[in-house]
Amino acid sequence: MPDSCKKKILLGMSGGVDSTTAAALLLQAGFEVVGLTCIFINNEESRRSSEDAATSCAQLGIAHEELDCTREFEETVARPFVDDYASGLTPSPCVSCNARCKIPRLIEAADRLGCELVATGHYARIACLTSNGRYVVKCALDPSKDQSYMLSQLSQDQLARLVLPLGAMTKADVRAQAQDWGLPVADKPDSQDICFIQGGYPEYLVERGLTAQTGNIVDLYGQVLGRHDGLFRYTVGQRKGIGLAASEPYYVIEKRSDTNELVVGFKDHTLIDSLLVEGLVWQAFEKLEEPTECTVKLRYRSQAVACTVKAASPGSPDAVASGIQVDLVRPQPTTAPGQFAVFYIGDTMLGGGMIAQVGHRLWEEAG
RNA sequence: UGGCUCGUCGUCCAACGGCAGGACUCUGGCUUUUGGUGCCAGCUAUCGGGGUUCGAAUCCCUGCGAGCCAG
């Protein structure tokens, strides 16, 4: 096939083993590949990553570009991250980043560079449903690396142009392939933690202007057990760091912003059986028409659990127009408002949204 | 002030006179493109002073401290 007939694809490259191997796979599949490293944060690590990507691209014989995304990242990820914490939520910056910063910037650059498609090194697959022509994300074949959760907020327009070369591979496959091809980043450790924060996130929030407001730690009956040093340092479901000794470990059950109280309880009290989810992005269909039995991931890297989703009851004072009610078939350990609930049927993602509230009907009714 | 009970890791509780153990907290590690969970590991204690005993957290005396009942 002559070069002029090859499909041109723009690959987001972090400089890590995944995206670099993805580049080699796309080349092998016959694409004309351009590597693009987005700079989200202006620091040493970003520059090193970009250099790693450039080195790999040179070795693979493909073009490499660098794109300054610091302003967009600040507006769409970093600032909302701080604002969310300030309002008592526990944000999921990676989910937001993919949908609002990384993929949009990639597509924008692809248009500029004349690339029909874009790609990333995520472990997930994309499919087009024959029934309605909609694009969906499917789980990676390797469930232990599945990153579909992180792509739950992508729009149809974005999915239509996205290619995920690693969706059918295991991490071991990827490393072995990278070794075989002698890629320089074959042994680079996996990334982890929030990419834009070096130390602890509470310190980051303080640097960004949040002020620690000390307040009471109370139990479910309102009894004061101790003091906390700023609600933003805690997240619902958290065990470590509360500093209270009792017969059993305490967990954070709720953060009450209005009274600046941290509510704690024992493990049984962390169980929830319903959720209110807002800001939904549906992929498998345009709109939730009727109550649907499916599964839901309440957090990245957890098994999806059985549930029923339906429009939030209009009578409920908490109902939001775009919100849905999720009833869990079995009680689950709680998760924090601000996190994402992502729905699946089998290995096909339906869509997902932000958790606004969690419900513990079980023990609330029991008193 | 009479009478009773009790002082053990940071906290709560164990240990027939025989290597002071557990839970929680805390610290560290593993896991991980979010927070958190989970798993593993580790640190830390017999209130002070005498005595009995081969040997004392344990028995005796005493000081200090805490709680309860009296008045």
Side-chain angles (χ1 to χ4, degrees), chain A residues 12-19 22 38 40-41 45-46 49 73 76-78 80-82 84-85 88-103 120-124 140 142-153 164 166 171 174 188-197 199-205 217 225-226 228 231-255 262 264-267 269-272 297-303 305 332-342 352 354-355 358:
Chain A
M13 294 184 73
S14 66
V17 62
D18 291 331
S19 54
C38 296
F40 299 116
I41 290 292
E45 196 181 334
S46 295
S49 296
F73 186 81
T76 62
V77 182
F81 176 86
V82 177
D84 278 354
Y85 268 109
L89 299 173
T90 301
S92 296
C94 294
V95 174
S96 311
C97 177
N98 283 322
R100 303 188 56 200
C101 188
K102 187 181 286 180
I103 303 295
T120 67
H122 285 104
Y123 288 83
D142 177 3
S144 69
K145 281 304 283 188
D146 175 45
Q147 292 177 314
S148 59
Y149 180 96
M150 296 300 186
L151 302 175
S152 62
Q153 297 294 288
L164 304 176
L166 305 186
K171 185 76 189 194
V174 169
K188 197 170 167 179
D190 289 3
S191 64
Q192 55 187 65
D193 298 332
I194 306 177
C195 72
F196 58 100
I197 296 176
Y201 76 89
E203 289 69 38
Y204 174 81
L205 293 173
I217 301 177
L225 302 176
H228 68 76
L231 282 187
F232 64 81
R233 296 175 189 281
Y234 304 86
T235 190
V236 172
Q238 166 179 344
R239 168 183 172 171
K240 296 279 183 184
I242 298 172
L244 296 176
S247 56
E248 304 171 52
Y250 278 117
Y251 294 81
V252 174
I253 304 297
E254 188 186 350
K255 299 201 285 183
L262 187 70
V264 300
F266 295 136
K267 195 169 184 72
H269 301 123
T270 66
L271 293 176
I272 58 169
K297 276 194 188 188
L298 299 179
R299 48 180 58 76
Y300 180 56
R301 270 191 332 277
S302 74
Q303 187 123 42
V305 297
Q332 299 297 322
T334 191
T335 185
Q339 295 287 290
F340 281 81
V342 180
M354 194 196 81
I355 296 166
V358 296

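Below, chains carry the letters A, B, ... as their sequence lines are ordered, and counting in each starts from 1.
- B:A56 sits 6 Å from B:G17 when the C1' atoms are compared, rounded to a whole Å.
- For A:Phe73 and B:U34, the CZ to P distance is 13 Å, given to the nearest whole Å.
- With a 4.5 Å cut-off on side-chain heavy atoms, A:Leu205 and A:Tyr201 count as touching.
- Along RNA chain B, the nucleotide nearest to A:Pro93 and the one nearest to A:Pro249 differ in position, and the one closer to the 5' end is contacted by A:Pro249.
- On the P atoms, B:G38 is 25 Å away from B:U44, given to the nearest whole Å.
- Between B:C43 and B:U34, the distance separating the two P atoms is 31 Å to the nearest Å.
- To the nearest whole angstrom, the two C1' atoms, one in B:C13 and one in B:G29, are 29 Å apart.
- Every residue two or more places apart in sequence or in another chain that forms a side chain to side chain donor-acceptor pair (under 3.5 Å) with A:Tyr251 is listed here: A:Lys267.
- Partner assigned to B:U52 is none, using Watson-Crick or G-U wobble distances below 3.5 angstrom.
- Checking B:G21 for Watson-Crick or G-U wobble geometry (two distances, each under 3.5 Å) identifies B:C13 as its partner.
- Residue contacts shown for A:Gly241 are limited to sugar-phosphate atoms, with no base heavy atom under 4.0 Å away.
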Using nucleotides 35-37 of chain B, report all nitrogen or oxygen pairs with the protein that are shorter than 3.5 Å.
{"residue": "B:G35", "atom": "O6", "partner": "A:Arg299", "partner atom": "NE", "Å": "3.4"}
{"residue": "B:G35", "atom": "N2", "partner": "A:Thr335", "partner atom": "OG1", "Å": "3.4"}
{"residue": "B:G35", "atom": "N2", "partner": "A:Ala336", "partner atom": "N", "Å": "3.1"}
{"residue": "B:G36", "atom": "O2'", "partner": "A:Gly237", "partner atom": "O", "Å": "3.2"}
{"residue": "B:G36", "atom": "O2'", "partner": "A:Gln238", "partner atom": "N", "Å": "3.3"}
{"residue": "B:G36", "atom": "O6", "partner": "A:Arg301", "partner atom": "NH2", "Å": "3.3"}
{"residue": "B:G36", "atom": "N2", "partner": "A:Arg299", "partner atom": "NE", "Å": "2.5"}
{"residue": "B:U37", "atom": "OP1", "partner": "A:Arg239", "partner atom": "N", "Å": "2.6"}
{"residue": "B:U37", "atom": "OP1", "partner": "A:Lys240", "partner atom": "N", "Å": "2.8"}

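- Ion pairing between A:Asp190 and A:Lys145 holds under the 4.0 Å rule for side-chain N and carboxylate O.
- Taking a cutoff of 4.0 Å between a charged side-chain nitrogen and a carboxylate oxygen, A:Asp146 and A:Lys297 qualify as a salt bridge.
- B:G38 atom P lies 14 Å from atom CD of A:Gln332, rounded to whole Å.
- The partner of B:U31 cannot be assigned: no Watson-Crick or G-U wobble pair with both contacts below 3.5 Å exists in any strand.
- The side-chain heavy atoms of A:Phe73 and A:Ile41, taken from C-beta on, include a pair separated by under 4.5 Å.
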Using residues 234-243 of chain A as the side-chain source, report each donor-acceptor pair under 3.5 Å to any protein atom, sequence neighbours left out, with the distance given to one decimal.
{"residue": "A:Tyr234", "atom": "OH", "partner": "A:Asp229", "partner atom": "OD1", "Å": "3.2"}
{"residue": "A:Thr235", "atom": "OG1", "partner": "A:Thr90", "partner atom": "OG1", "Å": "2.6"}
{"residue": "A:Gln238", "atom": "OE1", "partner": "A:Thr235", "partner atom": "N", "Å": "2.9"}
{"residue": "A:Gln238", "atom": "NE2", "partner": "A:Lys240", "partner atom": "O", "Å": "2.7"}

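- Straight-line distance between the P atoms of B:G55 and B:A45: roughly 24 Å, to the nearest whole Å.
- Remark: A:Asp193 engages no residue in a side-chain contact (heavy atoms from CB on, under 4.5 Å) (not counting sequence neighbours).
- Nucleic acid contact for A:Ser191: base, since at least one base atom lies under 4.0 Å from a heavy atom of the residue.
- Atom P of nucleotide B:U25 and atom CG of A:Leu225 are separated by 14 Å, given to the nearest angstrom.
- Heavy-atom nearest nucleotides on RNA chain B were determined for A:Ile242 and for A:Cys94, and the one closer to the 5' end corresponds to A:Ile242.
- Under the side-chain contact (heavy atoms from CB on, under 4.5 Å) criterion, A:Glu45 pairs with A:Asn43, A:Arg48, not counting sequence neighbours.
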Pairs under 3.5 angstrom, nitrogen or oxygen only, protein versus nucleotides 6-13 of chain B, please.
none

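- Using atom P as the reference point in both B:U58 and B:G2, the two lie 26 Å apart (nearest Å).
- B:U5 and B:A66 make up a base pair, with Watson-Crick or G-U wobble contacts both under 3.5 Å.
- For B:C59 and B:A66, the C1' atoms lie 23 Å apart once the distance is rounded to whole Å.
- When both distances must be under 3.5 Å, the Watson-Crick or G-U wobble mate of B:C43 does not exist.
- Residues A:Val95 and A:Ser152 have side chains in contact (heavy-atom distance under 4.5 Å, counting atoms from C-beta outward).
- For the P atoms, the distance from B:G71 to B:C9 is 36 Å, rounded to whole Å.
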Exercise for the section: Could you walk me through whether A:Tyr250 and A:Phe266 pass the ring-ring contact (aromatic ring centres under 6.0 Å, His included) test, one step at a time? Expected result: CA-CA 5 Å; A:Tyr250 278 117; A:Phe266 295 136; 4.9 Å; yes
